[in-house]
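Heads up: the structure comes next, in structure tokens.
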Amino acid sequence: MNSVRKATLLALLLGGSSALAPAAHAQKYRTAAGLRLGKNNYGLTVQQKVFDKTTLEGLVLAGSREVSATVLAERHFGILGPSLNYYFGLGGHLGTHKDTGGFGGFDALAGIEYKVAFVPLVLSLDFKPTVEINSADWARFPTALSVRYVLIKEKTSPFGNLFGGDKDRKKSKSKDKRKSGTRRGLFDF
């Protein structure tokens, strides 16, 4: 089976299993780390939530003849609650190749991730095209599967907004902002 068929099958499995699993509002995460497995490379991945729907991801990847490090800023969008997301990102990488020496480049990213209910695991499948500088390849179009362990969970109520606690907090914060006369910032949504 080729990699496109495998990627499509995995996306369908993740989507189907998320439809059967209940939305786990207490399972959102702030920090996760794990393994990334692609066709021509493997490595470590660490994701850190920096804003409400934004994460920074660091990758350290090794292939048969090269090693590289990548930093990506990613924006996440919910599909079926907080457990299933799709995301887009941009970033850059630096590395070294055994034959040609140092290289660098720019990365884009599009993927889907699923936070497994009641288990501290995040599964993701992504497509990460790159433009290479000082490399034998001018562009690459890899896909990869990542399995991350949740190190720090998001602090939320296991009942979500069933009792309205989160809504009341948001209302009181917005009233406090209006009373204090402060202006809204760039990242206040």
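The structure presented is a predicted model; accordingly, all values stated were derived computationally and were not measured. Both backbone and side-chain heavy atoms feed into the values below; hydrogens, waters and symmetry mates do not.
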Looking at [X] and [Y], what are the two nearest heavy atoms and their distance?
{"X": "Y29", "Y": "V150", "result": "CB-CG1, 3.5 Å"}
{"X": "L59", "Y": "L72", "result": "CD1-CD1, 4.0 Å"}
{"X": "G38", "Y": "A144", "result": "CA-CB, 4.0 Å"}

_The test is side-chain contact (heavy atoms from CB on, under 4.5 Å); show your working for H97 and F103 and say whether it passes._
CA-CA 7 Å; H97 193 280; F103 65 91; 4.3 Å; yes

_With side chain to side chain donor-acceptor pair (under 3.5 Å) as the criterion, how do N85 and H76 come out once you've worked through the C-alpha distance, each side chain's angles and the decisive distance to 0.1 Å?_
CA-CA 6 Å; N85 296 301; H76 295 251; 4.6 Å; no

Distance check, rounded to the nearest 0.5 Å: [X] atom [atom1] versus [Y] atom [atom2]?
{"X": "T96", "Y": "R65", "atom1": "OG1", "atom2": "CZ", "value": "11.0 Å"}
{"X": "K53", "Y": "F77", "atom1": "NZ", "atom2": "CZ", "value": "7.5 Å"}
{"X": "S146", "Y": "Y42", "atom1": "OG", "atom2": "OH", "value": "15.0 Å"}
{"X": "L37", "Y": "L61", "atom1": "CG", "atom2": "CG", "value": "10.5 Å"}

*So is R140 actually on top of F127's ring, under 6.0 Å and inside 45° of the axis?*
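Judged by the rule (NZ or CZ under 6.0 Å from the ring centre, within 45° of its axis), R140 is not positioned above F127.
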
Would you check if [X] and [Y] make a side-chain contact, meaning some heavy-atom pair closer than 4.5 Å?
{"X": "K39", "Y": "T143", "result": "no"}
{"X": "Y149", "Y": "L121", "result": "yes"}
{"X": "L123", "Y": "V116", "result": "yes"}
{"X": "S83", "Y": "Y114", "result": "yes"}

_Salt bridge present between R148 and E57 (N-O < 4.0 angstrom)_ =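 The answer is yes: the pair qualifies as a salt bridge.
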
*In plain terms, say whether K128 and E74 are close enough for a salt bridge, that is, a side-chain N and a carboxylate O under 4.0 Å apart.*
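No, K128 and E74 are not salt-bridged.
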
*asked:* As a quick check of understanding, evaluate side-chain contact (heavy atoms from CB on, under 4.5 Å) for V50 and T55, giving each step before the final call.
replied: CA-CA 5 Å; V50 291; T55 61; 5.8 Å; no

*Check the pair I112 / L84 against side-chain contact (heavy atoms from CB on, under 4.5 Å), numbers first and verdict last.*
CA-CA 7 Å; I112 186 168; L84 184 64; 4.0 Å; yes

*Using a side-chain heavy atom cutoff under 4.5 Å and only I, L, V, M, F, W and Y, what cluster partners does V46 have?*
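ILVMFWY cluster around V46 holds nothing else.
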
*asked:* Running the 4.5 Å side-chain criterion over Ile, Leu, Val, Met, Phe, Trp and Tyr, what cluster does I133 land in, apart from itself?
replied: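 Noted: I133 shares its cluster with F106.
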
_From CA spacing to verdict: side chain to side chain donor-acceptor pair (under 3.5 Å), S68, E66_ = CA-CA 7 Å; S68 66; E66 68 184 39; 5.1 Å; no

*Does V119 belong to the same Ile/Leu/Val/Met/Phe/Trp/Tyr cluster as L151, with side-chain heavy atoms less than 4.5 Å apart forming each link?*
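They do share one cluster, since a chain of ILVMFWY contacts under 4.5 Å joins V119 to L151.
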
_For a quick check under 3.5 Å, do Q47 and T45 share a side-chain donor-acceptor pair by atom type?_
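Not at all, the side chains of Q47 and T45 share no donor-acceptor pair under 3.5 Å.
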
*Check: Y86/E113 side-chain N/O donor and acceptor closer than 3.5 Å*: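 No, no side-chain donor-acceptor pair sits under 3.5 Å.
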
*Considering the options T70, V147, L145, D126, which one meets the side chain to side chain contact (heavy atoms under 4.5 Å, CB included) requirement together with R36?*
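Exactly one pass, corresponding to D126.
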
*Got a donor-acceptor contact below 3.5 angstrom from the N134 side chain to the G102 backbone?*
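A pair under 3.5 Å: yes.
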
*Test side-chain contact (heavy atoms from CB on, under 4.5 Å) on L109 and F88 and set out the steps.*
CA-CA 5 Å; L109 182 75; F88 298 104; over 6 Å; no

